[in-house]
Amino acid sequence: MSADTGLALLDEQEKYSDFGVKLTLRVGPKEGTQAPYNIQVSVRGTVRMHLTQAQGQSEERRVRALVNGASLLYGAVREMVSTITSRSAHGPLLLPSLSFQDLANQQPDSLASAALPAAAPAKRKKAVARTKPKV
């Protein structure tokens, strides 16, 4: 299981800041093993942080937006994965609880490459024509 996060400042006012938060979650089997599910989910959300700039809390806004935003998005993904997989023959997959508190220690520069693009097209794999082998 792995997770990637991204953060982008959307709007900044004196009393609040709006951030775009992105969470990409991948769940699959370990190397050389099989598992009934191979999941990749990418979700985005907007988080508004109400802290005043007058008190120098702009960095605190960024950190809280990332940690809390990723936690909120993960909760939604966890629920969606459980609901969708519960209809499978293999039964529901309940993702473990996670803490995103470690994201508070990341440097802002490391988030720049993972920031949300304004209107980037989604990358999709090209369909590959498959043929059945002749017997």
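Throughout, residue positions are numbered sequentially from 1 according to the sequence presented.
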Neighbour count above 12 (heavy atom, 6.0 Å) for Gln40 CD: yes
Asp11 and Arg48 ion-paired at < 4.0 Å: no
Pro29 vs Gln34 side-chain heavy atoms within contact, under 4.5 Å: no
Note, Asp4 side chain near Lys22 side chain (heavy atom, < 4.5 Å): no
Ser86 (side chain) donor-acceptor with Thr83 (main chain) under 3.5 angstrom: yes
Heavy-atom pair of closest approach, residues Leu10 and Phe19: CD1-C, 3.8 Å
Shared hydrophobic cluster for Ile84 and Tyr74 (ILVMFWY, side-chain gaps under 4.5 Å): no
OG1-CE distance between Thr85 and Met80, expressed to the nearest 0.5 angstrom: 12.0 Å
CG-CZ distance between Leu25 and Arg78, expressed to the nearest 0.5 angstrom: 11.5 Å
Nearest-0.5 Å distance that lies between atom CG in Leu72 and atom OG1 in Thr46: 11.5 Å
Considering all heavy atoms, the nearest Gly28-Asn38 contact: CA-OD1, 3.8 Å
Distance-only criterion, 3.5 Å: show the donor-acceptor pairs between side-chain atoms of residues 87-96 and protein atoms not counting sequence neighbours.
unit_1	atom_1	unit_2	atom_2	d
Ser88	OG	Tyr37	OH	3.3
Ser88	OG	His90	N	3.1

Spacing of CE belonging to Met49 relative to CG belonging to Asn68, to within rounding of 0.5 Å: 5.5 Å
Option from Leu66, Leu73, Leu23 for which side-chain contact (heavy atoms from CB on, under 4.5 Å) with Phe100 holds: Leu23
Heavy-atom pair with the smallest gap, counting every atom of Val21 and Ala65: CG2-O, 3.8 Å
